[in-house]
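Naming convention: chains lettered A, B, ... in sequence-line order (proteins, then strands); numbering from 1 in each chain. Source: prediction; values computed, not measured.
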Amino acid sequence: MSAMDQDTGMFKVQQTIGSVLCCKCGVPMPPNAANMCVNCLRSEVDITEGLQKSIQIFYCPECGCYLQPPKTWIKAQWESKELLTFCIKRLKNLNKVKLKNAEFVWTEPHSKRIKVKLTVQAEVLNGAVLEQSYPVEYTVRDNLCESCSRFQANPDQWVASVQLRQHVSHRRTFFYLEQLILRHDAASRAIRIQQVDQGIDFFFGNKSHANSFIEFLRKVVPIEYRQDQQLVSHDVKSSLYNYKYTYSVKICPICREDLICLPSKVASGLGNLGPLVVCTKVSDNITILDPRTLRCAFLDARQYFRSGFRSALTSRQLVKYFVFDVEAPVGEATVGGQKYALSYVQIARESDIGKMFYVQTHLGHILKSGDQALGYDIYSANVNDDEMEKYRLSVKNGLPEAILIKKCYDEQRERKKGKPRAFTTKKLPMEMDESRGARVDPEKMENEYEEFLRDLEENPELRFNISLYKNKDYQESETASMTDGEGAPTVPIEELLAELELSEEEEEGNDEEDMDE
Amino acid sequence: MATRLQFENNCEVGVFSKLTNAYCLVAIGGSENFYSAFESELADVIPIVKTSIGGTRIIGRLCAGNKNGLLVPHTTTDQELQHLRNSLPDQVVVQRIEERLSALGNCIACNDHVALAHTDLDKETEEIIADVLGVEVFRQTIAGNILVGSYCALSNRGGIVHPHTSVEDLDELSTLLQVPLVAGTVNRGSEVIAAGMTVNDWTAFCGSDTTATELSVIDSIFKLREAQPSSIVDEMRKSLIDTYV
């Protein structure tokens, strides 16, 4: 009965807890703070009194969210941890007792009831701590959340729209932009994309989405835009105004390979750059090159739109020339990463081979005799441009008869005609504008797109920001690459991305190699 | 037989009354019900005295006594002391003690033969107790509580102690007091036994919250079922006669 207490060396009597009778039911039990057996205590005291046992919650069947008043909608799966946390949060008064455990009790999903069993602990009577479990029933009521209801009412409901326009006769810029947007995922939040004559419309659900899209555009092309808004509804009591915002974005009409006659102010502002210039690159700046002096200048969006000049001749008016003779380069320059060589060449138009021209060109580094080239036929062109006329009248020797722009690979392409390309491109989900009548000629679109793809093949720097995907149907033909001495330029295989295919059996990874440049 | 009653809607009857084998003290209550309950039980057997101690009504906890004497604290006024001396039988010695711990009812638990005292009681007080009450005094604790007078209700035939008293303690106390003891509760699980009830050799009074279980425990440990006041007196007479002879 008595034992030596080793720790303190004190003589401690062993204490055996006796048993008392429960004061209510008389069953012998060890004494506790309330001196009642657990059952009597439970029947006596209900610690769940005053706690909520049933409550209503709202659920949006469209997006699977639950409402947390006043305005937040929380997405949660059926019987998930988030749903449990949400359910417990909705209960009032739960801070009076200590929550020990919570779990879901199975209910049929279509019964619209969620049952949660909570185990709580609280102090009763003279300090006895009692633990009790009780179920809480949640009635789920269907209620569309605001965004879903707005969407249901009018699926085309947009809040901000960006109207992108470029007033030129071709769609090359838009093809290129489309690829850029796909690569950078800039239009991922657009509700709708519609293709219209001379432009594309993007519709967003949120003004900030539209703003970020415009910021993206501003980085890749020179643009000018203005914002307008239209009042949709007005809540008088809380002074809330609901607007629709429209951004009208104009892309500068100068494109690559355009021939421009600069107005005298602009030319002198750029250091007397020869008024006849060729546009070599358009990104967020416009790069223009004087073919006679091999001098380059950059105009950013603000500078361009201050003067707003247009090109004199565009790539539609390019004419094929045969190159007969290329003389040794008189001067060489490297501008903007590109090498140019100034030399005199003898050329004749394909349509009129008899008439030979002796002109200066900046493409001396790539042209050889026997080549074909594309250029502007100023000699016989009827140019509708005021600046050009002024210049023609002012200059003594007259305008150059032709300005060559690029080398032509048509012959080489002939051999590859009909064979599929090594790469494919993805497209944006655009709607065609049916309402204005079929002004868009499908064949014309095809040709333009073909031109664009050729452009991509010829210019590696254009490919820089674009993702090209391996064409699964393309077979590398060994023979073709052997026989040509000089084949048409193609996209090297290393630059192509494999499409990501997720299937049950196998997963092809994305082999992204380093891009050149 | 144990009776259930209330003092002004309060179940702590041990606070407002003191019951011994020779007399009964009750507090001056708002209604006569309390008094009449005692009267109906004890009517001609022992005197029932209405009093206050120190102007308060908590007389049960302030004084300690048995059939031999009554000890009152120093807060008792002279009038009260005189009133007590007048009302109580002559063999009961009423003594006022100068003691720092003035709630004598909480510090001393006694029957006619033995008493348990608060461990910090003065030596003089202990001597006075032994002298006036004619008991053997033991300094003890009950379930670790030093207020032995509150947590133990004692009569000559048995006693109830704090429910958390361990079995060893119970044995020890039982040997000291020479009466059977049980750990129990009163007034629906209240641990302060002596405040909830008051008891003598043939009757007990408990608060009205006392459950039937508790009442049965009280009845059995204090052996109240067979007890009748006359039988006690007869027994006493028998023994008296015995000794006389």
- [ ] Would you mind telling me which of A:Cys23, A:Cys22, A:Pro31 makes a side chain to side chain contact (heavy atoms under 4.5 Å, CB included) with B:Thr185?
- [x]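 Looking at A:Cys23, A:Cys22, A:Pro31, the match for B:Thr185 under the side chain to side chain contact (heavy atoms under 4.5 Å, CB included) is A:Cys23.
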
[X] atom [atom1]: more than 12 heavy-atom contacts under 6.0 Å:
X	atom1	result
A:Arg141	CZ	no
A:Gln121	CD	yes
A:Lys100	NZ	no
A:Gln77	CD	no

Task: Part of B:Ser216 within contact of chain A (heavy atom distance under 4.5 Å) - done: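 For B:Ser216, neither part sits under 4.5 Å from chain A.
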
Task: Interface moiety of A:Cys25 toward chain B, non-hydrogen atoms closer than 4.5 Å - done: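 For A:Cys25, the contact with chain B is made by the backbone alone.
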
Open item on the list: I need the minimum non-hydrogen distance between B:Thr213 and A:Lys24, along with the two atoms involved.
Closed with: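 Here B:Thr213 and A:Lys24 meet closest at OG1-O, 3.1 Å.
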
